[in-house]
2 protein chains.
Amino acid sequence: MHKRVIFLLLLVLFFFSCKKSDTLTVPTTENKQTENSISGDPLPSWNNGPLKEDIIAYVEKVTKKGGTDFIPIEDRIATFDNDGTLWAERPYVQELFAFYQVKKMVGANPSLAQKQPFKAVIEKDKSYFEKGGDKALIQLVGATHTGMTEDEFETSVNTFFKDAKYPGKNVPVKQIRYQPQLELLNYLRANGFKTYIVTGGTIEVVRAISQDFYGIPKDQVVGTSFKYKYDNAKNTIQRESVLDHFNDKEGKPVGIQLHIGERPVFVCGNEGGAGDIAMLKYSQGNKYPSFQLLVNHNDSIREYSYQEKDNLSLSTAAKNKWHVVSIKDDWKKVFADK
Amino acid sequence: MHKRVIFLLLLVLFFFSCKKSDTLTVPTTENKQTENSISGDPLPSWNNGPLKEDIIAYVEKVTKKGGTDFIPIEDRIATFDNDGTLWAERPYVQELFAFYQVKKMVGANPSLAQKQPFKAVIEKDKSYFEKGGDKALIQLVGATHTGMTEDEFETSVNTFFKDAKYPGKNVPVKQIRYQPQLELLNYLRANGFKTYIVTGGTIEVVRAISQDFYGIPKDQVVGTSFKYKYDNAKNTIQRESVLDHFNDKEGKPVGIQLHIGERPVFVCGNEGGAGDIAMLKYSQGNKYPSFQLLVNHNDSIREYSYQEKDNLSLSTAAKNKWHVVSIKDDWKKVFADK
């Protein structure tokens, strides 16, 4: 429980510390799809070079029937982290949702603005969460993500995504998706891979947009979950205020086993929170040839630049010969247009 | 925990009480597939009549583009129970596996035959489990299903299924699948439904055969699960001796929410253990038109005949206007040939 709370604390504090100057550069519309169809390049937003060549060589190798590296179609499991891997994570979209929920609840019941933890959020009172620690955070997550039915929660999430804009840049959340990753997902699927999101975020928040944003069905999303209880009288699922599975770090292989049931062969994560190391390592234990990809956020101009203090993800990547995406050098274009 | 233990106790006691006279009638080979292609009947092993007509009318209604009852393809979720719904459950295949594990472990380490709970299983000592209650059963499940890595467990399950014969009739386990249900699964899939197994059995045991037996991929199996732990040093998942989710009765809607993320529109379960009532009811709360199907085991000649003491599944079906399969009257053929 302690680690989970630290994570949530960091998450909330990060939100408060977001500077207004954080900007997100979204390039002007370019029809990469057309370029793709003409050139036959499956990854037009990836710069040519060794990384792109390695990805394509891997896919060709494992899909070549009769080849020694051939992977049967049912074992072509590809898992992607979401925050910082498929879309930007500064700040987390999940945070935006938590604060959206607070505002909505206070709107419906203004007296809540005088009650904690709502008061602290409304007044951007960072100290409340610093001082309150565990208790205050459990209060906040409990108040915004649980204590309602699944149907009610889904309605909230859907409404949030309809109008949500990403801070620092006035763009819909959909436009913080990484264009090169959308192409990579499509390329893998075109070659018989089943693509999954394996996220530290809560499962229903990501499921609300997975099909529309990434072409990934709800049941191919693995994430953090709360305890559910079936309410027989109301014939609904109630979301209880108890964390069931925290799908980050060593929780990711566990979530993969529970939801997918086998080791992935292709895994993509990102440096920044060391959240994907275990999942990358787990895939490397596959009996089939596997591919590990780690996104390095080193582009302060077009995206963001941030590192882990101990550089753990990048040093583990180097040690295990994982592939590293330099956003600055490997991605011709960063964000999807719409 | 108490209910779970009762379930396991019943399961074990049932195994011991199996009479040798229990027989399974497997019809001689008939090429229904050819008959199907000629007649254009998608459900050739279902007798013509109101039930078959209702199934076909439902599927046609909800897949008719522009119709008022149309269900978008991503919401065509069909869930099937396994034991007693897709294959026979007298006895449970899961039980056969537990006892197989005991024998294997005793074979590798004969001194175990003197230790409980192995001794009781080897000697068919029913009283040990009657007297020992919770403790003895937790011992048995712990010893046979946990305390090993996922890779080791999967190897065991695969080896078990390779040679397993069904008691009472010397047929491979594959031949206790219900032929009409295989046709129904295919028919639904041909109409854009995504088919899932939602079983009270443990998830990995069913995943081992789901693709081969039913054309259902591993990640479309929802079941009872133990706690997993990622072992970083060994880069494996360890199966811990703690039940995580018991996927029976009111656990089924919970499992569906966690793994699938939405209410099914088509659900099929069976009477016998009242295990599917909650799942059937849950699907009826769908915003789309839904279909509930309950298999009634009333064919003592070709399959088995058994009822719940309080008749709860059948009375709930009548109350809620669910469709009931009379194996005796609705199924032209019961078991798949191979």
So B:Ile260 and A:Arg207, do their side chains get closer than 4.5 Å, heavy atoms only? no

For a 4.5 angstrom cut-off between non-hydrogen side-chain atoms, does A:Asn232 reach B:Lys249?
no

Using heavy-atom distances under 4.5 Å, tell me whether [X] contacts chain B through its side chain, its backbone, both, or neither.
X	answer
A:Gln257	both
A:Glu204	side chain
A:Pro253	both

Closest contact, heavy atoms only, [X] versus [Y]:
X	Y	answer
A:Val254	B:Ile237	N-CD1, 3.9 Å
A:Tyr282	B:Asn235	CA-OD1, 3.3 Å
A:Leu258	B:Ile203	O-CD1, 3.9 Å

Looking only at A:Lys229, A:Lys281, A:Glu262, most heavy-atom pairs under 4.5 Å shared with chain B are made by A:Lys281

Which of B:Gln220, B:His259, B:Lys194 passes side-chain hydrogen bond (donor to acceptor under 3.5 Å, both in side chains) with A:Asp219? It is B:Lys194

Side chain, backbone, both or neither: which part of B:Ile77 has a heavy atom under 4.5 Å from chain A?
->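 For B:Ile77, no heavy atom lies under 4.5 Å from chain A.
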
Cut-off 4.5 Å, heavy atoms of chain A, and the answer for B:Asp151 is side chain

inquiry  = How long is the straight-line distance from OH of B:Tyr230 back to CD1 of A:Ile256, given to the nearest 0.5 Å?
reply    =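 Answer for the CD1-OH pair, A:Ile256 versus B:Tyr230, is 10.0 Å.
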
Looking at B:Arg263, B:Gln211, B:Glu154, which makes the most heavy-atom pairs under 4.5 Å with chain A?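 Looking at each option in turn, the highest pair count goes to B:Arg263.
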
